[in-house]
Amino acid sequence: MTKGDITLCSSVKSSIDVAEIVTSEMHNALDALQKASQKKIEEAEETTLEVNEQAITANHQVIKLSEDFVQTFEKGIERIMSLAEKFEEQDKQMYKGGVR
C-alpha cells in the first residue's frame, strides 16, 4: 500500500449506523407494502361473472407480484447489512493496522 493509498483509506470509513437507519426505513416501506397488498377486492354484486373472475384474477396477480417484490427487497436489505458489516470489519482491521 502506498502513502497515497493510506491517505485515501483514512478518508473512507463505513458507517454501520447509517446502514441500519437505511435498512430500517426499507423495512418500514416493506411493511406498508405488505399491508396494502393484503387488502382484498370484494366481488361486485351487480356485474357479470366474467368481470368478477377477471378482477379476482388480477387481484391474485397483484398479490403474487407484491409477494415476489417483498422477497427480493428483503434480500436486498440483508445484502446491504451484510456489506455494511463487512466494511465495518475492514475499518476495524485498518484502524488496528495503523491506517486512519
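Counting heavy atoms from C-beta on, the side chains of E20 and D17 come closer than 4.5 Å. Looking at heavy atoms from C-beta onward, M81 lies out of side-chain contact with E78 at the 4.5 angstrom threshold. In this structure the side chain of I77 reaches within 4.5 angstrom of the side chain of L30, judged on heavy atoms. Within the 4.5 Å cutoff, no side-chain heavy atoms of Q90 are placed close to those of K86.
Between atom CD1 of residue I21 and atom OG of residue S24 there is a gap of 8.5 Å, rounded to the nearest 0.5 Å. Considering CE of M26 and CD of E74, their distance stands at 10.5 Å, rounded to 0.5 Å. Here N28 contributes atom CG and D31 contributes atom CG; the two are 6.0 Å apart, rounded to the nearest 0.5 Å. For the atom pair CD of Q34 and CZ of F73, the computed distance is 11.0 Å after rounding to the nearest 0.5 Å. Rounded to the nearest 0.5 angstrom, F87 CZ and S82 OG are separated by 10.5 Å. The line from CD of E50 to OG1 of T57 is 10.5 Å long, rounded to the nearest 0.5 Å.
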Query raised in the report: Hey, mind stepping through D68 and K64 against salt bridge (Lys or Arg N to Asp or Glu O under 4.0 Å) and telling me if it holds?
Result: CA-CA 6 Å; D68 291 346; K64 174 72 172 120; 2.8 Å; yes
Requested in this report: Run the numbers on Q93 and K96 for side chain to side chain contact (heavy atoms under 4.5 Å, CB included), then give the verdict.
Outcome: CA-CA 5 Å; Q93 289 176 6; K96 287 179 184 176; 5.7 Å; no
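Both L33 and I80 are part of a single hydrophobic cluster, where members link through side-chain heavy atoms under 4.5 Å apart.
When only modelled atom types and interatomic distance are considered, E67 and Q71 share no side-chain donor-acceptor pair under 3.5 Å.
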